Amino acid sequence: MSSSVSDFIRNRIRDDIENEIVDGSIVTRFPPEPNGYLHIGHAKSICLNFGVAEEFGGQTYLRFDDTNPLKESAEFVESIQRDVRWLGFDWGDRLTFASDYFDQLYGFAEQLIEKGRAYVCDLSADEIRATRGTLTEPGSNSPYRDRTVTENLNLFRRMRAGEFDEGSRVLRAKIDMESPNIHLRDPVLYRIVHAEHHRTGEKWCIYPMYDFTHCICDALEGITHSLCTLEFEDNRPLYDWVLDNVSINFHPPQIEFSRLGLEFNVMSKRILTSLISDGHVEGWDDPRLPTISGLRRRGVPPEAIRDFCGRVGVTKQANLIETSLLDFCVRSALEDTSPRAMAVIDPLPVTVINFERDDVTLEAPNHPKVPELGTRELTFGRNLFIERSDFRESASKKQRKLTLNGLARLRYGFIVECVDVVTDDQGSAIELKVRYVPESQSGQDTSGLKPRSTLHWISAANAVPAKFRLFEHLFNVREPGGGDLGDELNPTSKIEKDGLVERVVIDDVWERCQFERNGYFVKDSDSTPAEPVFNRIVPLSSGVR
RNA sequence: UGGGGUGUAGCCAAGCGGUAAGGCAGUGGGUUUUGAUCCCACCAUGCGCAGGUUCGAUCCCUGCCACCCCAGCCA
């Protein structure tokens with residue numbers, strides 16, 4: 001039952017089980033607000049909550065924290081469920097909504113009023129702010145703080161009945177306006193919002209605040225470990241206060257961990273939303289975004305994200321993870337599972353002058369180490385293409401290029417010698433004339449030649465035109481969001497190139513594959529059989545070509 | 001400045017009184033018809049700084065310093 005992973009939260013849970021603080025069956029929850037799409041930061045929390053429950057034989061709720069009808073929608077509820085499922089987690093029948101508990105929550109609020117622990121306050125939002133004090137100065141009591149229980153109950157019921165305008169009154173906890181913890185300075189518990197809620201419709205016009213709702217929902221669901229991010233540390237005394245002052249005989253501990261930082265990326269919902277609305281990216285699923293839907297469209301497999309979340313660990317330290325770690329996880333998830341093929345991006349025509357036919361078939365393995373992935377046929381012929389960047393009229397020995405009068409192996413094909421280069425007016429190569437070495441066929445090479453470079457290539461007869469989208473970091477600063485977004489964006493974050501790909505890649509159902517020497521690719525959702533479009537998921541390591 | 005947190009290598013992260021795990025990145029080498037993969041080796045006399053306690057401190061004590069979070073009727 002114990003896991004190989006260890007962090008302060010898992011250690012705490014292990015202790016709680018051993019000391020019978022929980023009875024051996026733990027319960028966690030992933031509680032997103034349905035006001036946007038999930039990103040890789042949420043994945044960290046999902047992997048933690050679901051992972052910990054799996055490891056210790058417990059269960060996890062997917063609970064939507066839908067207490068603010070102004071920002072939330074069914075669209076987000078849908079997308080979040082799809083993303084959690086895609087990541088590989090199952091909440092079974094434990095799908096809940098904070099709005100499921102609105103009646104009970106209301107009851108607990110009346111309880112607080114009856115105990116003299118909450119009051120209806122007529123101050124405006126501005127007045128509340130003004131009397132809250134500052135970081136260094138205490139706040140002052142609301143003139144409505146000492147209303148009688150009867151008056152409070154009456155006013156609160158009328159708030160619920162819709163008798164008052166938005167902003168005219170709120171329900172506040174009566175705690176301590178001089179507390180050094182600002183969250184304890186008579187926090188608002190309920191506010192009036194005359195808006196339709198995506199699940200409860202027009203039933204309510206008062207909505208509970210996060211601090212009142214979250215702890216009660218946790219308690220009602222029997223959450224044994226309420227895990228959240230660091231910025232809620234100051235809210236914990238309020239979490240505890242509410243549960244201590246309401247009649248619930250279950251009190252989950254809130255445990256905080258640091259949120260994920262990923263260099264060259266933003267997780268802020270506000271910034272993500274503006275990137276989309278300002279047209280800097282094409283939507284929530286833009287492959288450059290760290291959203292789950294963006295990563296999915298990019299071609300990143302869910303196992304890679306889970307692996308990544310496991311490797312970054314869980315602590316209370318602020319962190320900014322290097323993208324090389326994510327890239328590593330993506331490659332290692334893809335390495336053994338992805339069939340290989342050849343794609344020539346930015347093709348340079350090559351004519352094999354000592355070869356007349358156009359239809360010779362060669363066989364190539366789909367993976368150098370995994371024979372179960374099968375083989376495929378390559379066509380060799382007089383008319384071929386290699387990648388423009390693989391040719392240089394002259395190059396040093398270190399550069400693995402085909403040079404004029406030089407040799408190169410065409411992978412799984414023949415060795416060729418470049419005998420002539422046709423150039424345009426500017427002097428750049430537009431065609432290569434090569435001579436192939438007949439006895440150098442891959443697998444039965446008796447030529448004795450050892451060219452230092454092996455090139456990927458494609459024959460005209462086997463080539464299908466395709467578009468290739470190559471991505472770089474969306475931002476050119478490690479920690480964006482500090483200044484003007486426009487200045488921080490990388491202008492070349494998305495580059496689309498034309499090229500050629502083996503027909504088998506179009507015909508077959510290979511979901512993702514490695515284009516040898518180019519990286520791992522996936523068909524984009526824009527792709528059609530007539531106009532194939534590939535996203536580069538990640539380049540191969542070392543990269544410099 | 002009040003309160004709450006955090007400081008171990010370039011980035012993460014174990015260790016919590018007995019002499020610094022691991023991963024990523026990097027470097028060197030081996031294998032290789034992908035400059036890929038794989039394999040091997042190297043990579044902190046040092047744990048924010050300064051004192052103190054102790055036979056012994058990254059771990060305990062004191063004092064500093066740095067960084068993050070909090071003043072929504074958002075979550």
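Keep in mind the model is a prediction, meaning the values are calculated, not measured. We use all heavy atoms of the structure for the numbers below, so side chains are in, but hydrogens, waters and symmetry mates are not.
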Tell me what A/Asp234 touches on the nucleic acid: a base, only sugar-phosphate, or nothing, going by heavy atoms under 4.0 Å. base
Under 4.0 angstrom, heavy atoms only, what part of the nucleic acid is A/Gly443 near: base, sugar-phosphate, or nothing? base
Whole-angstrom distance between B/rG5 and B/rU19, as gauged at atom P: 32 Å
Name the nucleic acid region contacted by A/Met342, choosing base, sugar-phosphate or nothing; use a 4.0 angstrom heavy-atom cut-off, strictly under. nothing
Under 4.0 Å between any heavy atoms, over every strand shown, what does A/Arg409 touch: base, sugar-phosphate, or nothing? Just pick one. base
Whole-Å distance separating the OH atom of A/Tyr239 from the P atom of B/rG4: 21 Å
Using Watson-Crick or G-U wobble geometry with both distances under 3.5 Å, which nucleotide pairs with B/rG7? B/rC65
Hey, does A/Leu123 reach any base, or is it just sugar-phosphate, or nothing, if we go heavy atoms under 4.0 Å? base
Anything under 30° is parallel, anything over 60° is perpendicular, the rest tilted; go ahead and classify A/Tyr106 against A/Trp204. tilted
Counting only Watson-Crick or G-U wobble pairs whose two distances fall under 3.5 Å, which nucleotide matches B/rU45? none
P gap between B/rG3 and B/rG63, integer Å: 14 Å
With a 3.5 angstrom cut-off on both distances, give the Watson-Crick or G-U wobble partner of B/rC60, or none if there isn't one. B/rG52
Checking base pairs now: Watson-Crick or wobble, both atom distances under 3.5 Å. What partners B/rG72? none
Could you check whether A/Trp457 and A/Phe380 have their ring centres less than 6.0 Å apart? yes
Most 5' of A/Lys369 and A/Gln317 on RNA chain B, judged by nearest nucleotide: A/Gln317
Base, sugar-phosphate or nothing for A/Ile321? Non-hydrogen atoms, less than 4.0 Å. sugar-phosphate
